[in-house]
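Data first, discussion second: the structure below is written as structure tokens.
Numbers restart at 1 for each chain; the letters A, B, ... are given by sequence-line order, proteins then strands.
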Amino acid sequence: MILRSIELSGWRCFLEKVSVGPFSERLNVIYGPNGTGKSSLFEALRRSLMDRFDVSGQEISEVRPWGRALSPKITVAFHHGGEEYRVHKQFLDGGFSTLMRKENGDFRPLAEGRGADDTIRELLSRSSPGRGLSQSKHWGIAQVLWAPQGELRIGEVSEDLIENIHKTLGLQISERTGGLVEEKIKDRYLQFFSPQGRAKTGKGAPRLVALNDNLAQAREKRSEASVALRKAEDASRKVENLELQLKQSTLEAEELEKSILKARAAVESYRALAAAESVKRSDHDRIAAQYAELNARIKAIHEVEKELEDLGSAVAKTEAELPLIQSDSEKKAKLVQEAGERLEASRKDAEAISIAEKDAEDAREYLSCFQKITEQRERIKQIEAAEGAVAELTEERARFVAPETKTIKSLRKLFHDRDEAKKGMDFTQLRLELTPEANGRLEVVKGEDPGCVELTAGYPALVRGTPEISAVIEGVARMVISGPPGDFGMYQKAYREKQDKILEITRPFGSPDLDSLEDLYDKACQLDQKIAQAQKRLEGFCGADDKDSLVSALARYEAVALNLETAHPDWQKAHPNPEAMKRRALDLKHKYDAVIRESERRWQAATTADVKAKEHLEGVLREFGSKKQNIRKAELRLADAVSDGATKEERAKTLQQFLLDRDASGEALKDIQNKLRGLGSNPEESLKKIEMSLEATQTEAQQLRDAERTASGNLEILIALGPYSALAVAEEEIVRLEEKIRQDQLEMDSVKLLYDTLAECRSAVLSAYAQPVEDEASRLMRRIAGSGIGKIGIGNQLVPSGVIPGAAAEVVAVENLSGGEQEQLYFSTRLALAKVLAREERQMVVLDDVLAATDTPRLARILGILDEASENLQILILTCHPERYRALADASFFDLEALVRGEP
Amino acid sequence: MRFLHTADFQIGMKATHVGAAAEKVREQRLESVRRLVELAKGNGVEFIIVAGDLFEDNGIDRTQVLKLVDILEHFGGPVFIIPGNHDPLAPGSVWANSAWTNTPRIKVLDAERPEAIPNGLIYPCPIKDKYSTKDPTLWIPSESVEGVIRIGIAHGNLEGMPQAESDHRIARNAAERANLDYLALGHWHSTATYADTSGAVRTAYSGTPETSCFGERDSGNVLLVEIDSPGSAPKISVLHTGKYLWVTKPAEIISREDLVALRSDIEGLKGPGDILLNLSIKGVLHTDNISDLRRLEDVLKARFAYVQLDTEGLRPAPDDERWIESLPEGYIREAAANLRKIAASDRTDAPIAARALLELYMISSEVSQ
């Protein structure tokens with residue numbers, strides 16, 4: 001499209017009609033200061049061609065000049081597709097749109113109203129935005145050709161524009177069939193897949209989905225049938241096992257029954273033999289008993305007779321020995337008596353020994369007491385002396401009062417503080433010392449003691465005061481002395497306080513003089529020390545005891561000594577020798593002990609012999625009695641043994657007979673016992689065990705039968721379901737479904753492969769179209785900014801992503817470029833796109849003040865490029881700096897301000 | 001003595017290898033028994049011997065048992081049956097069904113003891129376990145009885161057969177060892193006869209009366225056996241009872257005419273309704289032939305009892321690019337070229353690419369019309 005002219009009125013700052021044009025087909029510069037309406041002019045151009053006349057809303061209302069009820073009007077004359085067109089459009093009140101086309105030299109109406117708007121859009125752009133204001137992506141190719149102020153950056157590029165570029169580059173398959181083929185491929189693809197490439201599910205899903213579901217179900221059925229068949233086989237095996245077990249059990253039962261019959265026969269035999277054995281045993285035992293009894297009798301008689309004989313001999317012998325034994329016993333008793341008498345006599349000497357030992361002990365005690373008495377007396381004396389010393393020192397100490405340590409320390413501090421305060425007073429108090437040379441009078445006006453002071457020649461007079469001294473010697477002088485500020489009062493107060501305190505504390509001691517007090521304190525300390533030493537000495541003499549206890553102890557010792565002297569009066573004259581006395585007593589004892597030991601030994605021996613003799617005698621007498629008794633018993637036994645009335649011969653004969661009978665019955669018994677042993681252990685036990693086994697086997701067999709019946713019932717139920725047939729049907733169904741799935745999957749995969757392959761090829765081809773634009777834009781950019789800038793990266797959507805400088809492989813994003821470089825980058829891209837779009841028809845490029853950040857050298861290069869580009873493009877530059885573009889020699893310049901004023 | 005020897009009905013057999021025709025195939029197995037019963041009646045046989053594997057599994061639907069019993073009953077004469085390894089005599093087996101006890105003429109010989117028949121004795125060797133290494137014929141006593149024809153029935157693998165399995169092995173000389181006039185065997189589905197040392201054929205597999213899978217040689221038969229007297233050589237005739245023909249046909253097409261010839265060849269097969277066809281075509285597919293192939297597929301499916309068609313061995317003709325050139329210029333054409341390249345390669349997605357190419361061909365043909 002080429003713009004011929006614009007005429008507008010009632011548009012923002014354009015109240016009156018303003019006509020701009022005719023425009024050059026090449027370079028045009030519309031200039032004017034800020035606020036002239038350059039951008040409004042551009043806006044009006046855009047709205048006249050892109051918007052519908054009946055738009056409403058805030059934005060279009062703002063186009064109306066402020067405070068005026070005017071309807072914005074615009075007329076645009078343009079050339080497109082070899083035709084000249086004129087569009088008249090009025091917005092807001094009384095809005096209309098008329099499109100006219102030059103026919104045979106005159107402009108004739110082509111369309112009106114919405115039809116006009118649609119036709120214009122149809123000419124310039126494919127897509128219609130509907131009611132409302134359009135966005136740049138709906139401007140068609142104008143979205144790259146027209147750059148409003150501040151909008152040089154290229155955002156989203158519409159599909160229509162890309163199509164246009166494809167078309168222009170001859171990259172699109174222009175045949176109708178290509179599109180149809182692609183459509184059909186897409187339709188085929190969409191039978192199986194969503195536009196996002198996912199396999200369809202749900203209502204529109206291909207048959208494959210249902211087949212897979214059916215397959216899953218069939219597999220489940222197969223699984224169930226397989227389980228059922230396995231269960232049936234297991235049940236069959238179980239029944240078979242039970243049958244085998246039952247058969248085995250039945251065989252075992254039969255064997256056991258046979259064993260029972262045998263065992264019962266054995267039991268019968270055993271019982272018969274056992275009964276016979278019992279009878280034989282009884283006979284044998286009876287006979288054996290008879291034999292034993294007779295044999296015992298005969299033995300007994302023989303033994304008793306022998307015993308009687310022995311006993312008779314023994315008794316006779318004892319009767320002969322008894323007198324001798326008695327005589328011996330009597331002698332021994334007499335010896336014991338004699339030894340006892342001798343022992344008694346020896347013991348009488350013990351008393352003298354005790355007396356000697358006691359005397360020695362008393363002597364020792366006596367001497368001990370004596371010593372202790374002496375010691376006690378000495379100690380008591382020492383204690384009394386020490387007590388006297390302590391009392392004397394204490395009395396001396398009590399005679400004067402002295403300050404304590406704490407008091408003296410306090411006094412020292414008080415004196416120090418007082419002196420310090422005094423110093424402070426002296427320091428802060430002023431002094432006036434006058435030594436008059438003549439007598440006179442000094443009038444102290446201000447001072448410590450105001451008043452008159454008589455002056456005597458040669459004698460100094462001192463006046464103190466604070467904070468100043470003022471004194472007058474009448475007729476001579478007035479003196480004023482002032483000194484550095486100081487708190488005399490504070491020091492004076494402190495001094496007085498300390499002094500009062502001192503006096504209070506020292507009052508008891510009679511003198512406020514520290515030295516005196518110090519002396520007192522020292523003296524008191526010395527006395528206290530002496531008292532302490534005396535006290536210590538006293539304590540040393542006392543030790544653990546006190547004086548009273550010592551006195552009591554002394555009295556006790558004296559009493560003991562007196563008692564002992566009373567018992568031994570000769571000790572008063574001379575002290576005894578306890579050691580000698582003790583030795584004497586000991587000698588006596590030793591002698592006595594020896595005698596006693598010998599006497600006791602003899603007595604003991606005699607006693608032992610006597611006891612033995614008596615025991616012997618008693619033993620003999622006892623034995624004698626016992627033998628006598630035994631004789632009597634034996635005689636009784638003999639009488640009993642022969643009470644059967646038989647003779648010895650008769651008994652012997654009977655015994656022989658019994659012996660024969662016994663042997664015979666013993667043989668018979670042995671024979672039966674052998675037979676019993678031949679039958680083994682008691683067969684009744686075995687029979688019982690076998691019967692129990694049989695019972696258990698029969699019970700087991702019954703259980704097996706029951707189990708077999710139950711298992712057979714189970715098996716019948718399982719088999720009745722025909723699990724193999726169900727499995728066969730399921731497996732056949734699975735195979736059928738798998739085959740169908742395989743075929744459908746192949747179909748689906750092949751459709752996808754076709755679609756994807758086509759998409760890949762299309763993408764590869766489509767990506768080729770961006771290359772020429774990228775190359776041209778990069779070439780322009782390098783012309784503007786130098787080769788170091790590298791190349792511009794432009795994607796398939798024709799939006800620059802950044803630059804790829806020199807050897808670098810990575811893209812420098814647009815945001816990382818300077819403002820000027822970003823301007824130049826977008827300018828280059830727009831211009832490259834415009835060149836592509838203008839291949840078939842000249843197009844208009846509008847640049848509304850878009851190179852503000854570009855420096856002069858680069859702008860100069862841009863002007864050169866624009867000049868070249870105007871060979872194929874109509875370029876419309878809106879600027880407030882016309883001087884920057886004066887280098888465009890062939891450009892048409894339009895002074896908008898003048899045009900508004902109505903100037904040509 | 002004249003009798004029919006058959007075996008391996010495999011009633012209730014699973015037929016996953018024949019897709020949608022499985023039910024038909026299964027049904028036909030019962031029908032083949034019907035046919036052999038008619039043959040038996042038509043040939044005036046005295047009894048029928050069935051040497052095991054009447055059923056595919058002891059777990060089949062019991063209605064099949066009732067149907068078979070009903071069919072066998074129609075013979076009107078004795079039918080001697082032994083269980084085989086597919087239907088062994090185990091608890092819950094098909095033989096426990098009460099239908100067998102309700103038909104006195106049909107005897108399931110479930111014990112190793114001779115069964116008397118007029119002028120003869122049958123020595124059955126019933127199978128009780130699915131797997132066993134024991135020779136089931138060992139129990140047969142070798143003492144012959146004067147004037148009695150001795151017939152054995154057994155099920156298993158005859159020693160010396162190619163591909164013989166290790167279970168239920170039967171000695172090659174079992175018939176001779178046991179002094180049998182004839183040993184009727186079951187287990188293998190192909191008809192086969194075996195001569196003894198004297199050259200007389202006394203051992204035979206009747207095979208299955210209805211072919212059961214592709215590649216099963218010489219099946220769908222029963223044997224008519226005639227023995228004149230004890231010791232004489234049996235006369236054995238093969239009677240066909242099978243309905244379906246299982247045809248495996250590999251084909252290769254190189255030129256355009258080969259497919260036409262193949263179609264003609266297949267259409268020449270008689271009785272396609274009774275043919276199960278396994279057709280695999282490999283070679284080169286020209287674009288002209290694509291529609292022919294589609295039509296062939298439709299015809300096969302409509303006319304034959306079952307068709308398994310494998311065309312994965314077909315590849316697009318390398319020199320056939322005319323249709324690609326007729327595609328719209330640009331990336332569509334390029335896409336076609338890419339697909340062609342993949343289809344002609346050894347890549348795993350070559351079949352998918354071939355199919356994709358076919359899709360494109362179909363679409364472009366549709367658009368061109």
Side-chain angles (χ1 to χ4, degrees), chain A residues 171-173 175-185 188 228-229 232-233 235-240 242-243 708 711-712 715-716 718-729 731-736 739 746-747 749-755 757-766, chain B residues 12-23 25-26 55-65 88 90-94 96-97 128-130 308 312 326-339 342 349 351-360 362-364 366-368:
Chain A
L171 294 170
Q172 176 68 353
I173 297 166
E175 294 176 41
R176 188 185 70 86
T177 52
L180 284 173
V181 168
E182 274 199 71
E183 263 178 46
K184 286 206 176 290
I185 291 171
R188 194 83 175 94
L229 183 61
E233 286 170 357
S236 172
R237 201 169 298 117
K238 186 174 175 182
V239 169
E240 195 172 21
L242 286 167
E243 283 175 352
E708 193 262 344
S712 293
L715 176 60
E716 265 184 50
L718 290 170
I719 281 295
L721 297 173
Y724 180 83
S725 298
L727 180 63
V729 166
E731 286 188 347
E732 284 161 6
E733 176 70 6
I734 285 168
V735 167
R736 270 198 298 275
E739 177 57 25
L746 178 63
E747 185 187 358
D749 290 345
S750 64
V751 167
K752 186 172 190 311
L753 182 61
L754 174 60
Y755 182 83
T757 305
L758 189 66
E760 271 175 37
C761 291
R762 179 173 56 234
S763 181
V765 166
L766 290 177
Chain B
M13 180 186 83
K14 184 166 50 181
T16 53
H17 48 303
V18 290
E23 194 53 43
V25 164
R26 220 186 342 272
F55 302 97
E56 178 68 14
D57 189 274
N58 275 330
I60 59 154
D61 187 0
R62 285 317 188 243
T63 52
Q64 303 288 308
V65 176
S93 69
V94 287
N97 196 285
K128 295 185 182 171
D129 292 302
K130 247 188 167 84
Q308 188 173 295
E312 285 189 13
S326 71
L327 288 172
E329 195 181 340
Y331 51 80
I332 295 180
R333 205 181 284 180
E334 197 182 326
N338 286 355
L339 288 171
I342 298 171
D349 58 349
I352 299 174
R355 180 63 189 271
L357 211 55
L358 183 61
E359 286 281 341
L360 181 57
M362 304 286 276
I363 288 171
S364 72
E366 197 182 314
V367 167
S368 306

Please state whether the side chain, the backbone, both or neither of [X] comes within less than 4.5 Å of a heavy atom of chain B.
| X | value |
| --- | --- |
| A:E243 | side chain |
| A:I185 | both |
| A:E731 | both |
| A:R237 | neither |
| A:E716 | neither |
| A:V239 | both |
| A:L715 | side chain |

Say you draw a straight line from [atom1] of [X] to [atom2] of [Y]; how long is it, rounded to the nearest 0.5 Å?
| X | Y | atom1 | atom2 | answer |
| --- | --- | --- | --- | --- |
| A:Y724 | B:M13 | OH | CE | 8.5 Å |
| A:T757 | B:E334 | OG1 | CD | 10.5 Å |
| B:N58 | A:L229 | CG | CG | 10.0 Å |

Is the closest side-chain heavy-atom distance between [X] and [Y] below 4.5 Å?
| X | Y | result |
| --- | --- | --- |
| A:E240 | B:K128 | no |
| B:N338 | A:C761 | yes |
| A:L727 | B:D57 | no |

Inset, instruction - Could you look at B:A353 and say if it's the side chain, the backbone, both or neither that has a heavy atom under 4.5 Å from chain A? - result: both
Top contributor to chain A contacts, counting heavy-atom pairs under 4.5 Å, from [options]:
| options | value |
| --- | --- |
| B:A90, B:A20, B:P351 | B:A20 |
| B:T63, B:I352, B:V94, B:V18 | B:I352 |
| B:R26, B:H17, B:E23 | B:R26 |
| B:G59, B:P91, B:A356 | B:P91 |

Legend entry - When A:A232, A:G722, A:A759 are compared by non-hydrogen pairs under 4.5 Å with chain B, the top option: A:G722
Inset, instruction - Let me see the working for A:L754 and B:L357 under side-chain contact (heavy atoms from CB on, under 4.5 Å), right down to the final yes or no. - result: CA-CA 7 Å; A:L754 174 60; B:L357 211 55; over 6 Å; no
Inset, instruction - Might you work through the side-chain contact (heavy atoms from CB on, under 4.5 Å) test for B:Q308 and A:E739, ending with a clear yes or no? - result: CA-CA 10 Å; B:Q308 188 173 295; A:E739 177 57 25; over 6 Å; no
Inset, instruction - Would you mind checking if B:K14 and A:E732 are paired as a salt bridge, meaning a charged N to carboxylate O distance below 4.0 Å? - result: no
Inset, instruction - Please check if atom NZ in B:K130 has more than 12 non-hydrogen atoms from other residues, nucleotides or ligands closer than 6.0 Å. - result: yes
Legend entry - Distance-minimising heavy-atom pair for B:D61 and A:S725: N-OG, 2.7 Å
Inset, instruction - Taking all heavy atoms of B:A22 and all of A:R736, pick out the closest pair and write down the distance. - result: CB-NH1, 4.3 Å
Legend entry - Under the side-chain hydrogen bond (donor to acceptor under 3.5 Å, both in side chains) test, residues paired with A:E708 that sit two or more places apart: A:S712
Legend entry - Partners passing side chain to side chain contact (heavy atoms under 4.5 Å, CB included) against B:N97 (at least two apart in sequence or in another chain): B:R62, B:V65, B:L66, B:A99, B:W100
Legend entry - Stepwise side chain to side chain donor-acceptor pair (under 3.5 Å) check, A:E182 with B:Y331: CA-CA 10 Å; A:E182 274 199 71; B:Y331 51 80; 2.4 Å; yes
